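The figures here come from the full heavy-atom set of this structure, side chains too, leaving out hydrogens, waters and symmetry mates. Only a predicted model underlies this, so the values are computations on that prediction, with no experimental measurement involved.
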Amino acid sequence: MKILGALHRDASISIPKLSSDLGLNLSVTYSRIKRLIRRGIIQRYTLEVNEAKLGLPAGVVVGLNLDPKQREQAIGELMRLPQAREFTEVTGRFDAFLTLRGRTIEELHKVIADVVGRIMGVTHSETFVEVAGRELEVSYNLASAPEIQT
């Protein structure tokens, strides 16, 4: 769990540095990481891009209702939008949430009105403008973890 927490904070950390930080033997750290990968617990290593520094400071989350008959086609079109960053199907008032990034709120409003709103299968949308974000510190607790299946 300590290895997962450390890799979640910084997936680029070297195994020697990680083993030193955690007080583990290098070969033990390496074999535990390989086992986590083999079991599918670690699925991939990725990076986080600061899109504001790339000129895309505006963010919105769009709650969507979808026509069940055109759902797959609508989802495909939504996921191909250049501004799309995440698509999550949910239960409750909306069928899905779509996260978009852009240069300005006005630009994103235009995408929602002119593109998202005209996609066949999108029956309703409601936009939530991002005003602040906070990074959560994720820690993995062995005591609360379910039994890991291999």
Side-chain angles (χ1 to χ4, degrees), residues 1-15 18 21-22 29-150:
M1 295 299 169
K2 289 180 182 179
I3 290 171
L4 289 175
L7 289 174
H8 190 272
R9 284 186 296 282
D10 181 7
S12 71
I13 191 170
S14 69
I15 294 177
L18 176 63
D21 288 355
L22 297 179
T29 304
Y30 182 77
S31 66
R32 287 181 183 174
I33 290 171
K34 287 297 180 193
R35 189 175 337 135
L36 290 166
I37 293 168
R38 231 182 7 262
R39 289 180 169 181
I41 295 167
I42 294 176
Q43 294 181 326
R44 65 187 173 112
Y45 294 90
T46 187
L47 69 125
E48 186 175 326
V49 175
N50 183 330
E51 292 192 290
K53 288 188 176 185
L54 286 178
L56 302 170
V60 297
V61 176
V62 185
L64 299 163
N65 292 112
L66 305 171
D67 180 340
K69 294 176 185 158
Q70 298 173 314
R71 181 179 157 278
E72 288 303 320
Q73 176 188 338
I75 291 172
E77 289 186 48
L78 291 163
M79 291 177 64
R80 283 190 294 277
L81 292 172
Q83 299 84 359
R85 295 298 180 267
E86 185 174 2
F87 182 88
T88 307
E89 292 185 74
V90 296
T91 61
R93 179 173 147 199
F94 297 104
D95 298 317
F97 286 107
L98 174 66
T99 302
L100 303 173
R101 298 293 303 180
R103 287 186 293 273
T104 65
I105 295 301
E106 293 76 17
E107 172 191 309
L108 294 174
H109 173 73
K110 187 167 176 51
V111 169
I112 295 162
D114 296 348
V115 181
V116 173
R118 295 183 181 175
I119 292 175
M120 295 298 291
V122 174
T123 59
H124 174 77
S125 70
E126 185 174 337
T127 303
F128 304 89
V129 176
E130 179 183 296
V131 293
R134 297 178 190 210
E135 251 337 277
L136 298 175
E137 178 72 28
V138 176
S139 63
Y140 296 94
N141 183 346
L142 188 57
S144 66
E147 192 64 33
I148 299 172
Q149 302 298 314
T150 56

Heavy-atom nearest pair, Ala96 first then Phe87, reads CB-CZ, 3.4 Å

With heavy-atom distances below 4.5 Å as the criterion, would you say the side chains of Val90 and Asp95 are in contact?
no

Search all heavy atoms of Arg85 against all heavy atoms of Leu56 and return the closest pair with its distance.
NH2-CD1, 3.6 Å

What pairs meet the salt bridge (Lys or Arg N to Asp or Glu O under 4.0 Å) rule with one or both residues in residues 68-79, with sequence neighbours excluded?
Arg71-Glu89

Between Arg118 and Asp114, the two heavy atoms sitting closest are CD-O, 3.3 Å

With heavy-atom distances below 4.5 Å as the criterion, would you say the side chains of Ile13 and Asp21 are in contact?
yes

CD of Glu86 to CE of Met79: how many Å apart, nearest 0.5 Å?
10.0 Å

I'd like to check Arg9 versus Glu137 (side-chain heavy atoms, cut-off strictly below 4.5 Å). Are they in contact?
yes

Considering only heavy atoms from C-beta outward, does the side chain of Tyr30 approach that of Ile15 to under 4.5 Å?
yes

Tell me, do Val60 and Thr127 make a side-chain contact under 4.5 Å, heavy atoms counted?
yes

Which pairs would a plain distance check flag for residues 119-126, meaning a side-chain donor or acceptor within less than 3.5 Å of a matching protein atom at least two apart in sequence or in another chain?
residue: Thr123; atom: OG1; partner: Asn65; partner atom: O; Å: 3.1
residue: Glu126; atom: OE1; partner: Arg93; partner atom: NH2; Å: 2.1
residue: Glu126; atom: OE2; partner: Arg93; partner atom: NH2; Å: 3.2

Heavy-atom pair with the smallest gap, counting every atom of Met1 and Tyr140
CB-O, 3.3 Å

Considering all heavy atoms, the nearest Ala6-Leu18 contact
CB-CD1, 3.3 Å

Please report the closest heavy-atom contact between Leu98 and Ala84, naming both atoms and the distance.
CD1-CB, 4.0 Å

Interatomic distance, Leu100 atom CG to Leu108 atom CG [nearest 0.5 angstrom]:
6.0 Å

What's the spacing between Ile37 CD1 and Arg35 CZ if we round to 0.5 Å?
12.0 Å

Decide if atom CZ of Phe97 counts as having more than 12 heavy atoms of other residues, nucleotides or ligands within a radius under 6.0 Å.
yes

Between Leu64 and Val116, is there a side-chain heavy-atom distance shorter than 4.5 Å?
yes

Rounded to the nearest 0.5 Å, what's the gap from CD1 on Ile42 to CZ on Arg32? Could you check?
12.5 Å

Hey, what do you get for CD1 (Ile41) to CD1 (Ile33), rounding to the nearest 0.5 Å?
12.5 Å

Pro57 backbone acceptor or donor facing Arg101 side chain under 3.5 Å:
yes

Run the salt bridge (Lys or Arg N to Asp or Glu O under 4.0 Å) test against Lys34 and tell me which residues pass, sequence neighbours left out.
none

Evaluate the side chain to side chain contact (heavy atoms under 4.5 Å, CB included) criterion for residues Thr29 and Leu22: first the C-alpha distance (whole Å), next the side-chain angles of each, then the deciding distance (0.1 Å), finally the verdict.
CA-CA 9 Å; Thr29 304; Leu22 297 179; 5.6 Å; no

